[in-house]
Amino acid sequence: MPKKFETAPNVALLGPQSNKLFARGRAVFPDGTTRATVERDPTPRYILKGDGAYLIDVDGQRFLDLNNNFTTLIHGHGFLPALDAVARLLRDGTCFSNPTAHEIDLAELLVDRIPAVEQIRFVNTGTEAVTFAIKAARAFTGRPGIAKTEGAYHGSYDWAEADLGGTPATWGPPDAPVAVPAYAGTPASVADEVVILRFNDADGARRRIAAAADRLACILLDPMPSGGGLIPPDPAFIAAVVETAREHGILVVCDEVLNLRQGYRGASARYGIKPDLIAAGKIIGGGFPIGAIGGSRRVMSVFDGSAGRAKVAQAGTFSANPISMVAGRVSMEALTEVAFARLEEMGNRLRAALAAAISRHQAPYVISGAASLFRIHPKQTLPRNYREAYPSPDEAGALKALSRFFRSEGILHHAGTSASLSTAMSDADIAKIADVFERFLATVPASRVGLLRACKDQD
């Protein structure tokens, strides 16, 4: 292995405590962990605690965190206002079968802030939020099918995850993307009830939505899907989806579980979308489990059981638990328009610095993202959709090499995922990210083959 590619001492290498914990985990979990998204290279790094913008692992190593639990922790780790509020609440009880005032407080904040939301229901995860949004659309329209964009992640509901993880071998022709079941044994009928749209293909969207209109309950749309590459939406594509949906009585469901962090009023408002329903989660829970379905009174009426059984009966033992409600309210109150403006400015500054470094080194990389989100693509040109963003084997090697180099410099940036900023970050943190990326471009071989070989040398 070339000397210039060695990891820094006592920073990137897994310590003995992480290795010991993984050995224990392998005895009780099918693959040693309880989440498919846990990064392992080759084994996971176990965390002892978080501290603002940083993580400390069980071996005492400190890292700037660009993952923030998959964009959830918009205030970073250990946000004191939320922790203090939860600490005061704990002795009063953590969950009840009866409602509390805390759920109304958070609901009022979200209804006041997000233009498309007139009423709301709380659940426990983003997956549940998307699941019940789809069920609401089915109940409202009387139709079973959904449409979604290729490669977008919407949680673990069978229909929402159709085509998730599609590859060149499975995703079908460009004009007719295939809804590939996400796991073995998925009922064949799932694929029959899901129409796949290519992101930013306006003409294709109009054609495919219209062809299946009589069976579509909703179009599930993430305005900037992280799973699709964090690619900016083409206004013509957004218009095509919304206009065709309206023409055929199909509901538009915006999944903002991740992208609500794009602004004070969320991503739909940012991109001029007026959805019928919004699925939210992550940042609205203040670091605790949460999900929410919100929308117009007309559509949300399917959850109304005041006159008998609701068209969609949504419960959940921990739904609207006071801990998540209070932590979420306090965290969202701190996300003022000024706070969002600062996050946006930091994001713009960082993306510009990364792009400038690429230009200086004439390196085969591009940057996507918006607001407090960014993604590094080992591509010559900015992708427009999932297929263009999909990494080749050499590009996947480049992403792993990038992740390893960042880790060697005390930054956690998971390979192949979107990175996020937090309000806990400083100007010095932003400068550090840009500086480390610049040194990566200067140090690591620039060719695809060189990157892949360098990465394989370490495996």
Side-chain angles (χ1 to χ4, degrees), residues 130-131 133-138 140-155 157-182 186-229 231-256 259 267-268 271-279 383-390:
V130 171
T131 297
I134 291 172
K135 289 183 175 183
R138 287 172 173 161
F140 188 82
T141 63
R143 303 169 185 169
I146 72 166
K148 58 164 294 202
T149 56
E150 190 172 42
Y153 176 73
H154 298 288
Y157 189 44
D158 286 353
W159 292 265
E161 64 181 356
D163 104 304
L164 188 62
T167 69
T170 63
W171 61 36
D175 60 344
V178 175
V180 182
T186 301
S189 60
V190 169
D192 297 334
E193 293 166 353
V194 180
V195 174
I196 304 299
L197 313 175
R198 290 186 69 197
F199 193 70
N200 283 337
D201 178 2
D203 292 340
R206 290 185 189 276
R207 173 176 50 81
R208 289 179 65 76
I209 294 169
D214 61 341
R215 57 190 176 89
L216 289 181
C218 67
I219 299 167
L220 187 56
L221 178 66
D222 185 332
M224 187 181 281
S226 178
I231 307 301
D234 184 336
F237 172 73
I238 296 296
V241 169
V242 174
E243 290 169 6
T244 312
R246 298 286 181 257
E247 180 182 347
H248 295 283
I250 303 166
L251 300 190
V252 175
V253 176
C254 275
D255 178 354
E256 297 198 36
N259 276 307
S268 297
Y271 298 109
I273 309 169
K274 297 179 179 178
D276 300 286
L277 291 169
I278 283 178
R384 283 178 43 82
N385 53 51
Y386 173 71
R387 296 189 185 202
E388 292 181 11
Y390 189 84

Quiz prompt | Test side chain to side chain contact (heavy atoms under 4.5 Å, CB included) applied to D175 and R207, step by step | solution = CA-CA 10 Å; D175 60 344; R207 173 176 50 81; 3.8 Å; yes
Exercise. Tell me, with the steps shown, if D222 and T149 meet side chain to side chain contact (heavy atoms under 4.5 Å, CB included).
Key: CA-CA 8 Å; D222 185 332; T149 56; 5.6 Å; no
Considering all heavy atoms of both residues, which atom of [X] and which atom of [Y] are nearest to each other, and what is their separation?
X: L277; Y: A136; value: CD1-CB, 4.0 Å
X: A160; Y: I134; value: CB-CD1, 4.1 Å
X: A245; Y: V252; value: CB-CG2, 3.7 Å
X: A182; Y: E161; value: CB-O, 3.5 Å

Under 3.5 Å donor-acceptor, [X] side chain and [Y] backbone:
X: R143; Y: A137; value: no
X: K148; Y: A162; value: yes
X: D255; Y: H154; value: no
X: R208; Y: P177; value: yes
X: T170; Y: G166; value: no
X: N200; Y: D234; value: yes
X: E150; Y: Y386; value: no

For the residue pair [X] and [Y], establish whether any side-chain heavy-atom pair is separated by less than 4.5 Å.
X: I273; Y: P223; result: yes
X: V180; Y: I196; result: no
X: I219; Y: T244; result: no
X: Y271; Y: P232; result: no
X: T141; Y: I250; result: no
X: Y157; Y: K135; result: yes
X: D163; Y: V194; result: no
X: S268; Y: K274; result: no

Exercise. Run the salt-bridge test on R198 and D203 with the 4.0 Å N-O cut-off and return the result as yes or no.
Key: no
Quiz item: Could you walk me through whether Y153 and V130 pass the side chain to side chain contact (heavy atoms under 4.5 Å, CB included) check?
Solution: CA-CA 11 Å; Y153 176 73; V130 171; over 6 Å; no
